[in-house]
Amino acid sequence: MRFIVSSTALSNRLVALSRVINSKNSLPILGDFLFEIIDGKLNLTASDSEVMMKTTLELTETDGDGRFCVGNHDLLEAVKGISEQPITIEVNQDDNLAKISYQNGMFSLPVENADEFPQPQQIGDGATTINIATNVLAENINRSIFATAQDELRPVMNGIYFDLTSEYLAIVASDGHKLVRNKVLNIRSEQPASFILPKKPASLLKGVLGKQGGDVVIRFDERNAEINFEDGIIICRLIEGRFPNYNSVIPQSNPNQLTIDRMGLLAALRRVQPFSNDSSNLIRFHVENGTLQLDAEDYDFSKTATERMTCDYNGMPMSIGFKGSSFIEILSNFDCDQVIIQLADPSRAGLVLPSEQPENQDVLMLMMPMLIND
């Protein structure tokens with residue numbers, strides 16, 4: 001079997017696929033890429049047994065169909081170092097050897113039987129389908145993934161929750177201290193359905209969706225999801241269990257509202273945060289008469305910091321504590337010029353919203369408060 005392919009195109013796809021492969025695998029074959037030539041196209045696959053990613057490449061030339069597996073590390077390192085040019089891959093199935101030739105040289109690698117490579121999980125006949133614009137899905141994953149947890153006792157918190165209702169598609173992530181809720185208002189279904197996408201396939205999508213157009217088609221049942229995008233497909237096992245009722249923790253009445261420059265607040269928090277206590281990371285927000293004051297202190301090391309900013313504020317004077325690093329994460333995951341911070345009282349969660357919502361979306365982030373000593 002012999003075929004010719006662009007070195008840059010092959011390298012780019014292998015780099016994306018390599019993120020699926022674990023450093024240690026239960027089966028040696030899971031450290032390989034699967035190559036399949038079908039009808040003049042090259043299908044590339046990587047798997048860790050729970051997440052499988054496939055992509056397709058056009059071939060310059062081929063002499064027929066075939067399948068083989070090859071180890072990921074050596075192939076990836078060798079191909080990454082080749083400048084843009086056609087490379088020729090010849091596979092001798094009898095000798096279990098692949099010979100890769102390019103302008104200034106060649107190398108050879110052992111190949112393995114493709115029949116040992118795991119088969120993808122099958123999606124049930126009663127699967128639910130969601131069609132979502134690629135840029136919208138990419139934005140929402142980028143905006144949400146930082147808020148996922150790493151909790152062995154509550155694995156449902158370790159992924160991104162997709163909640164399809166009769167009014168909207170909600171994309172939610174929370175670690176119990178902060179929460180991101182995105183509503184995509186033009187996607188809805190009379191048949192409610194939901195799933196929890198694990199962090200790994202979400203991270204893979206974050207890496208591959210950025211520059212693509214068109215729509216992403218998500219098919220899912222109770223156990224597995226199949227996500228089709230422009231350059232390929234991801235098939236993964238879902239996190240099983242019931243996601244907490246995220247709407248119940250969002251305060252509905254927040255009479256105290258301030259509007260402030262996002263980048264200015266972000267810069268101020270980054271200056272003040274190093275002076276907070278290392279264990280609590282507490283920053284005190286005091287807002288009154290159009291001024292927001294940030295205070296951090298660590299009396300164990302005699303460190304304090306204060307910074308004041310102007311803002312638009314409608315509400316009673318208030319002091320409330322937030323974890324500085326988490327608030328920095330929240331502000332970093334908006335892309336608007338100004339944010340609106342809505343507060344009820346010092347014991348209830350604070351809401352952060354963009355001053356202008358994205359088209360057909362409703363974005364909200366939530367931070368649980370911390371106890372402060374006045």
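Everything quoted here is computed from the prediction, not taken from an experiment.
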Please list every donor-acceptor pair under 3.5 Å in which a side-chain atom of residues 49-57 meets a protein atom from a residue at least two apart or in another chain.
unit_1	atom_1	unit_2	atom_2	d
T55	OG1	R13	NH1	3.0
T55	OG1	D231	O	2.6
T56	OG1	N43	OD1	2.9

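- The minimum heavy-atom distance linking A98 with V111 is given by the pair CB-CG1, 3.5 Å.
- In plain terms, the two heavy atoms of S166 and R188 that are nearest each other are O-CD, 3.4 Å.
- In this structure, the separation between CZ on F220 and CG on L164 is 6.0 Å, given to the nearest 0.5 Å.
- More than 12 heavy atoms of other shown residues, nucleotides or ligands fall within 6.0 angstrom of atom CG in N96.
- No more than 12 heavy atoms of other residues, nucleotides or ligands shown are found within 6.0 angstrom of NE2 on H177.
- Few gaps surround NZ on K183; more than 12 heavy atoms of other groups in view lie less than 6.0 Å from it.
- Between the side chain of D74 and the main chain of G71, no donor-acceptor pair closer than 3.5 Å is present.
- Heavy-atom neighbours of K200 NZ from other residues, nucleotides or ligands within 6.0 Å: above the threshold of 12.
- Within a 6.0 Å radius of CD in E77, other residues, nucleotides and ligands contribute more than 12 heavy atoms.
- The shortest distance between side-chain heavy atoms of N360 and V136 does not fall below 4.5 Å.
- In this structure, Q191 and T128 have side chains that are not in contact, with every pair of non-hydrogen atoms separated by 4.5 Å or more.
- Between R219 and G124, the closest heavy-atom pair is NH2-O, 4.0 Å.
- Applying the side-chain contact (heavy atoms from CB on, under 4.5 Å) rule to A268 yields the partners R271, L294, E307, M309; only residues at least two apart in sequence or on another chain are considered.
- Between E58 and K41, at least one side-chain N (NZ, or NE/NH1/NH2) sits under 4.0 Å from a carboxylate O, which counts as a salt bridge.
- Under the 3.5 Å distance criterion, the side-chain polar atoms of S11 are left unmatched by any main-chain donor or acceptor of T8.
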- [ ] Might you work through the side chain to side chain contact (heavy atoms under 4.5 Å, CB included) test for L197 and C236, ending with a clear yes or no?
- [x] CA-CA 8 Å; L197 183 69; C236 65; 3.7 Å; yes

- [ ] Decide yes or no on side chain to side chain contact (heavy atoms under 4.5 Å, CB included) for I171 and Y161, but give the supporting numbers first.
- [x] CA-CA 6 Å; I171 300 174; Y161 181 53; over 6 Å; no

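- We find the CG-CD1 distance between L76 and I21 to be 8.5 Å, quoted to the nearest 0.5 Å.
- The CG atom of L351 sits 5.0 Å away from atom CG of L364, with the distance rounded to the nearest 0.5 Å.
- S276 contributes no side-chain N or O that, together with a main-chain N or O of A296, makes up a donor-acceptor pair within less than 3.5 Å.
- Side chains of T259 and Q338: a donor-acceptor N/O pair is absent below 3.5 angstrom, by distance only.
- Using modelled atom types, one finds no donor on one side chain facing an acceptor on the other under 3.5 Å when comparing E226 with N224.
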Open item on the list: Quick one, T306 with D295, criterion side chain to side chain donor-acceptor pair (under 3.5 Å). Give me CA distance, side-chain angles, the key distance, then yes/no.
Closed with: CA-CA 5 Å; T306 297; D295 294 294; 2.7 Å; yes

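- C69 places none of its side-chain heavy atoms less than 4.5 Å from the side chain of E116.
- When side chains are defined from C-beta on, S332 counts as touching L266, because their heavy atoms get closer than 4.5 Å.
- Following chains of ILVMFWY side-chain contacts shorter than 4.5 Å, one cannot reach L34 starting from F68, and the two form parts of different hydrophobic clusters.
- The shortest heavy-atom contact between S253 and R348 is O-NH1, 3.9 Å.
- Remark: side-chain polar atoms of T62 are not paired, donor with acceptor, to backbone N or O of G40 under 3.5 angstrom.
- Residues Q357 and V363 have side chains in contact (heavy-atom distance under 4.5 Å, counting atoms from C-beta outward).
- Residue S248 comes nearest to N245 through the heavy atom pair OG-O, 2.7 Å, listed as atom of the first residue, atom of the second, then distance.
- One hydrophobic cluster holds both M318 and F322 under the rule that ILVMFWY side chains link at heavy-atom gaps under 4.5 Å.
- At least one donor-acceptor pair closer than 3.5 Å links the side chain of Q85 to the backbone N or O of Q103.
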Open item on the list: The test is side chain to side chain contact (heavy atoms under 4.5 Å, CB included); show your working for L343 and N254 and say whether it passes.
Closed with: CA-CA 5 Å; L343 304 170; N254 304 285; over 6 Å; no

Open item on the list: I'd like to know whether L14 forms a side chain to side chain contact (heavy atoms under 4.5 Å, CB included) with L10, so could you lay out the CA-CA distance, the side-chain angles of the two residues, the decisive distance to 0.1 Å, and finally the verdict.
Closed with: CA-CA 6 Å; L14 292 180; L10 179 62; 3.9 Å; yes

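- When the side chains of ILVMFWY residues are joined at heavy-atom separations under 4.5 Å, either directly or via intervening members, V172 and I145 end up in two distinct hydrophobic clusters.
- Surrounding CD of E84 are more than 12 heavy atoms belonging to other residues, nucleotides or ligands, all under 6.0 Å away.
- Side chain of D298 to backbone of F275: no donor-acceptor contact under 3.5 angstrom is found.
- When each of Y168, F195, F243 is checked for a ring pair (Phe, Tyr, Trp, His ring centres under 6.0 Å) with F162, only F195 meets the rule.
- Of the possible donor and acceptor atoms, none in the side chain of K323 sits under 3.5 Å from a partner among the backbone N and O of K178.
- Put simply, the side chain of R262 gets close to the backbone of C336: a donor and an acceptor are under 3.5 Å apart.
- Summarising the local packing, CG of D63 is surrounded by more than 12 heavy atoms from other residues, nucleotides or ligands at distances under 6.0 Å.
- M365 has its side chain within reach of N333: a pair of non-hydrogen atoms, C-beta onward, lies under 4.5 Å apart.
- When atom types are taken as modelled, the side chain of N25 and the backbone of L27 share no donor-acceptor pair closer than 3.5 angstrom.
- V5 places a side-chain heavy atom less than 4.5 Å from the side chain of L59.
- Between L30 and S47, the closest side-chain pair of non-hydrogen atoms falls below 4.5 Å.
- Interatomic distance, M1 CE to I89 CD1, rounded to the nearest 0.5 Å: 9.0 Å.
- Remark: D362 engages R181 in a salt bridge, criterion side-chain N to carboxylate O under 4.0 Å.
- Taking CG from L331 and OG from S326, the interatomic distance works out to 11.0 Å, rounded to the nearest 0.5 Å.
- In this structure, F285 has its ring center under 6.0 Å from that of F327.
- Residues I330 and V339 are members of one and the same hydrophobic cluster, defined by side-chain heavy-atom contacts under 4.5 angstrom among Ile, Leu, Val, Met, Phe, Trp and Tyr.
- A distance-only check finds no donor-acceptor pair linking the side chain of N228 to the backbone of I233 [under 3.5 Å].
- N256 and A344 make their closest contact through ND2-O, 3.1 Å (heavy atoms, listed as atom of the first residue, atom of the second, distance).
- Environment of OH in Y246: crowded, with over 12 heavy atoms of neighbouring residues, nucleotides or ligands closer than 6.0 Å.
- Criterion: ILVMFWY side-chain heavy atoms under 4.5 Å apart, direct or through other members. Under it, I341 and M368 are not part of a common hydrophobic cluster.
- A salt bridge links D115 with R67: the closest approach of a Lys/Arg side-chain nitrogen to an acidic carboxylate oxygen falls below 4.0 angstrom.
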Task: side chain to side chain donor-acceptor pair (under 3.5 Å) assessment of E139 paired with N182 - done: CA-CA 10 Å; E139 287 170 8; N182 312 278; over 6 Å; no

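- Side chains of Q273 and N281: a donor-acceptor N/O pair is present below 3.5 angstrom, by distance only.
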